[in-house]
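Right, one structure below, let's go through it.
Positions are given from 1 along the sequence. What you see below is based on every heavy atom in this structure, not just the backbone, and it leaves out hydrogens, waters and symmetry mates.
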Amino acid sequence: MVGLVKDTKHYTLIEAPRPYFYAPAQQIAAPPVIAFYVRTTGNPDQMTATLRREAAAIDPDSGAFDAMPLAEYIAALCFPKGWRRVC
């Protein structure tokens, strides 16, 4: 165990807080999730294609990954599917 917290929101900002603990990545049964946050002044879709190509060049077995603009990701955390934004 790496850490223990009283409570946290793990998936969305509107979920009820719950107790949580942190474990070293090597002790987690599922493959680790790696996130890249990339700022671009160009087309985000073109950047996604570039990132996929470069990741495959480094490790052909790295697999596909999801990509979306950060604003969409944050909106999904704040307003999960089925919720309507009122602002």
Applying side chain to side chain contact (heavy atoms under 4.5 Å, CB included), run through Glu54 and Leu51 and close with a yes or a no.
-> CA-CA 5 Å; Glu54 293 302 317; Leu51 291 170; 5.8 Å; no
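Applying the side chain to side chain contact (heavy atoms under 4.5 Å, CB included) criterion to Thr8, with sequence neighbours excluded, gives Val5, Tyr20, Tyr22. Evaluation of the side chain to side chain contact (heavy atoms under 4.5 Å, CB included) rule for Glu72 yields Met68, Pro69 as partners, not counting sequence neighbours.
For residues 37-46, no pair satisfies salt bridge (Lys or Arg N to Asp or Glu O under 4.0 Å), with sequence neighbours left out.
When all heavy atoms of Lys9 and Glu15 are compared, the pair lying nearest together is CE-O, 3.4 Å.
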